[in-house]
There are 2 protein chains.
Amino acid sequence: MFNYSTSEENYIKAVFHLQQSDGMVTTNELASELKTKPASVTDMMKKLKNKKLLHYQPYQGFRLSHEGNKVALGIIRRHRLWEYFLAEKLKFSWDEVHAVAEHLEHVSSKKLIDKLDEFLGFPRVDPHGDPIPDVNGKIETSKQVCITALPLNKQAVVCHVGDQSSEILELLKHKNIGIGTKLEVKKKFDFDNSMEIKIKQQFYNISEQLAKNIFVKYES
Amino acid sequence: MFNYSTSEENYIKAVFHLQQSDGMVTTNELASELKTKPASVTDMMKKLKNKKLLHYQPYQGFRLSHEGNKVALGIIRRHRLWEYFLAEKLKFSWDEVHAVAEHLEHVSSKKLIDKLDEFLGFPRVDPHGDPIPDVNGKIETSKQVCITALPLNKQAVVCHVGDQSSEILELLKHKNIGIGTKLEVKKKFDFDNSMEIKIKQQFYNISEQLAKNIFVKYES
DNA sequence: AAATAAATTTAGACAAATCTAAAACACAAC
DNA sequence: GTTGTGTTTTAGATTTGTCTAAATTTATTT
Ligand SMILES: [Mn+2]
Ligand SMILES: [Mn+2]
Ligand SMILES: [Mn+2]
Ligand SMILES: [Mn+2]
C-alpha cells in the first residue's frame with residue numbers, strides 16, 4: 001500500500017527474523033543484527049510504531065503488527081526471488097546471492113516482482129532452502145528437522161541450511177551436499193556428537209557444528 | 001572504482017545526456033531535467049566537482065570530466081541492460097521499462113551486471129534502440145538518421161525512437177512500427193510536413209511530430 | 001553606460017538517518 | 001528496600017540531500 005525507505009525495510013525485515021525465535025525483540029538484539037547503535041534502533045522503532053508497523057512500549061521490546069508482518073513478507077519475497085534468480089539464471093554461487101539480493105529487494109515494483117516470479121516458474125524455495133512467500137504473502141511451512149534429530153537409516157532430503165557463509169558452502173560442496181541431496185544417517189558418535197552419513201553409496205563424516213546447520217524433510 | 005549515491009548517479013547521468021546535445025550544461029537545464037531546484041543543482045555540482053567528476057566554474061555551466069564520463073557510461077550500461085531484461089525476459093512493454101530501470105540501475109555490483117549481460121546474450125541495443133555500453137564502457141555509435149531526412153523510396157530500418165512515452169508507443173503499435181521495422185518514405189507533404197511511408201505493402205500516414213521521433217539506419 | 005531582466009549562487013532552514021554521551025529505567029543481588 | 005549493573009531512551013550533533021528566499025553575477029535592453 002505504502003512505500004518504505006531502504007532503511008525502514010531493513011529494520012522491518014530484521015525484526016521479522018528475530019521475532020521468529022524470540023517472540024519479543026530487544027533493542028540490543030536488533031542493533032547487533034543490523035550493525036548499528038541502540039540509539040538508532042530506538043529512533044527507528046518510534047517511527048515504525050507511528051506508522052503502525054509494530055507494537056512497542058518504551059523499555060518493553062517490540063514485535064511486528066499484522067500490517068508489519070505483511071510488509072516484512074513482501075520484502076522477504078523480493079529478497080528470495082532475487083536470490084533464486086541470481087543462483088539459477090546468473091549462476092551465482094550459493095554464498096554470493098545474499099549480498100546482492102540485499103540491495104535488489106528494495107526495488108519495490110509490484111509488477112516487477114510478480115513478473116519475475118512468473119519468469120522463474122514460481123519457485124517455492126530460495127537457494128538456501130528458505131521458502132519464498134507467494135503473491136499474497138503466504139509462506140510454506142514444511143516441517144523440517146535437523147539431521148541431529150534424524151533417526152538412523154531413515155532416507156531424507158536436505159531442504160535447508162542454517163548458516164549461509166562461504167565457509168560452510170565450501171565444506172558442503174566438498175561433501176557433495178546441497179539442497180535436494182538424499183541422505184541417511186548411519187551412525188552417531190556420542191564422544192563429539194559427530195555422525196556418519198551416506199549419500200549415493202558414499203560415506204561422509206559430519207561434525208556437530210555442521211550437522212546443526214543441515215535440515216531435512218522425509219522422503220515423500 | 002568508487003561508489004556513488006543514488007542521487008549523485010542521477011545527476012551524473014542527467015549531465016551526460018544533456019551534454020550530448022548542448023556540450024555545456026546549465027543549472028536550469030539540469031534542474032528541470034531532474035525536476036529539482038536550481039539551488040540543489042549548484043550544491044550537487046560543487047560536490048561532483050570536488051570528486052573530480054566534472055568541470056565547473058561558478059556561473060559557467062558544467063560538463064563531465066573523463067572520469068565522470070566513465071561513471072556515466074557505467075550507469076547507462078546498467079540502466080539499458082535492465083531495460084532489455086524487463087522487455088525481453090519479463091515481457092514488460094516498451095513504455096514501462098524505463099521507470100523500473102531507473103531504480104535497478106543503482107544496484108551497483110560489477111559481477112551482477114556482467115553476468116546479466118552474459119545471460120542476456122550481450123545485447124547491443126535496449127528496447128528503445130539506444131546502444132548499450134559494453135564492459136569497458138564502449139558505446140556503439142551507428143550513424144542514424146531521422147526519417148524526416150530520409151530520401152524517397154530508400155529502404156531503411158527503424159533503429160531508434162526519440163520520445164519514449166506510452167502515448168507514442170500506442171501510436172507506433174497501431175502503425176506496426178517498432179525497432180527493426182523496415183520502411184520506406186513514399187511521399188512528403190510540404191503543407192504540414194507529414195509523410196506517407198510504406199511497411200510491408202501497407203501505407204501509413206505519419207505526422208510531423210511523429211516523424212521527428214523515428215530514426216533509421218540504411219539496410220546493410 | 002546604466003537599467004532591467006534572467007540565471008546562478010549563497011544563506012539559512014529542514015527532514016532522514018545516523019552517532020556519542022548522558023540520563024532514565026528495569027531488575028537482580030545484597 | 002537500597003544498591004548496582006546492564007539496557008534503553010533522550011539530548012544534542014553530524015551528514016546528505018533538499019528547499020525557499022535573498023544576494024550576486026551575467027546577459028539584454030534602452
Ligand atoms: Mn536490504
Ligand atoms: Mn536466502
Ligand atoms: Mn535513477
Ligand atoms: Mn532506454
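The figures that follow rest on heavy atoms only: side chains count, while hydrogens, waters and symmetry mates do not. The sequence lines fix the lettering, A, B, ..., with proteins before strands; numbering per chain opens at 1.
Listed pair B:Y56 / C:dT9 meets the phosphate criterion, a side-chain N or O lying under 4.0 Å from OP1 or OP2. Regarding contacts with the backbone of D:dT10, a side-chain N or O of A:K46 is found under 4.0 angstrom from either OP1 or OP2. Taking 4.0 angstrom as the limit, A:S7 places a side-chain polar atom (N or O) nearer than this to OP1 or OP2 of C:dT18. Look at B:T36 and you'll find a side-chain N or O under 4.0 angstrom from OP1 or OP2 of D:dC19. For C:dA6, neither phosphate oxygen OP1 nor OP2 lies less than 4.0 angstrom from any side-chain nitrogen or oxygen of B:Y59. OP1 or OP2 of D:dC19 has at least one side-chain nitrogen or oxygen of B:S40 nearer than 4.0 Å.
The side chain of A:D43 sits closest to C:dT18 out of C:dT18, C:dC25, C:dT8. Side-chain atoms of B:M44 lie closest to D:dT18 of the nucleotides D:dT18, C:dC19, D:dT20. The nucleotide whose nearest atom lies closest to any side-chain atom of B:T42 is, among C:dT8, D:dT8, C:dC19, C:dT8.
Atom pair A:Q60:CD and C:dA24:C1' shows a separation of 14 Å (rounding to whole Å applied). Straight-line distance from the CE atom of A:M45 to the P atom of D:dT9: 10 Å, rounded to whole Å. Atom CG of A:L48 is separated from atom C1' of C:dA16 by 13 Å (rounded to the nearest Å). If you measure from atom CG of A:N28 to atom C1' of D:dT8, you get 8 Å, rounded to the nearest angstrom. With rounding to whole Å, B:E29 atom CD is found 8 Å from C:dT8 atom P. Protein atom CG of B:N10 is 9 Å distant from nucleotide atom P of D:dT18, rounded to whole Å. Atom-to-atom, NZ of B:K51 to P of D:dT15 comes out at 14 Å; the value is rounded to the nearest Å. Remark: P of C:dT18 and CG of A:L34 are 9 Å apart, rounded to the nearest angstrom.
Within 4.0 Å (heavy atoms only), A:P58 reaches sugar-phosphate atoms of the nucleic acid but no base atom. Here B:T27 lies in heavy-atom contact (under 4.0 Å) with sugar-phosphate atoms only. When heavy atoms are screened at a 4.0 angstrom cut-off, B:F62 is found touching no nucleic acid atom at all.
Taken to the nearest 0.5 Å, the CG atom of B:L73 stands 11.0 Å off from the CG atom of B:N136.
A cation-pi geometry, defined here as NZ or CZ lying under 6.0 Å from the six-membered ring centre and within 45° of its normal, holds between A:K89 and A:F119. In this structure, A:K111 satisfies the cation-pi test against B:F92, with its NZ or CZ atom closer than 6.0 Å to the six-membered ring centre and inside 45 degrees of the ring normal.
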Can A:R78 and A:E9 be said to form a salt bridge (charged side-chain N to carboxylate O under 4.0 Å, His left out), step by step? CA-CA 12 Å; A:R78 301 199 290 265; A:E9 289 190 343; 2.8 Å; yes

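Between B:F62 and B:Y56, the ring planes lie perpendicular to each other; the angle is over 60°, past the 30° to 60° tilted range.
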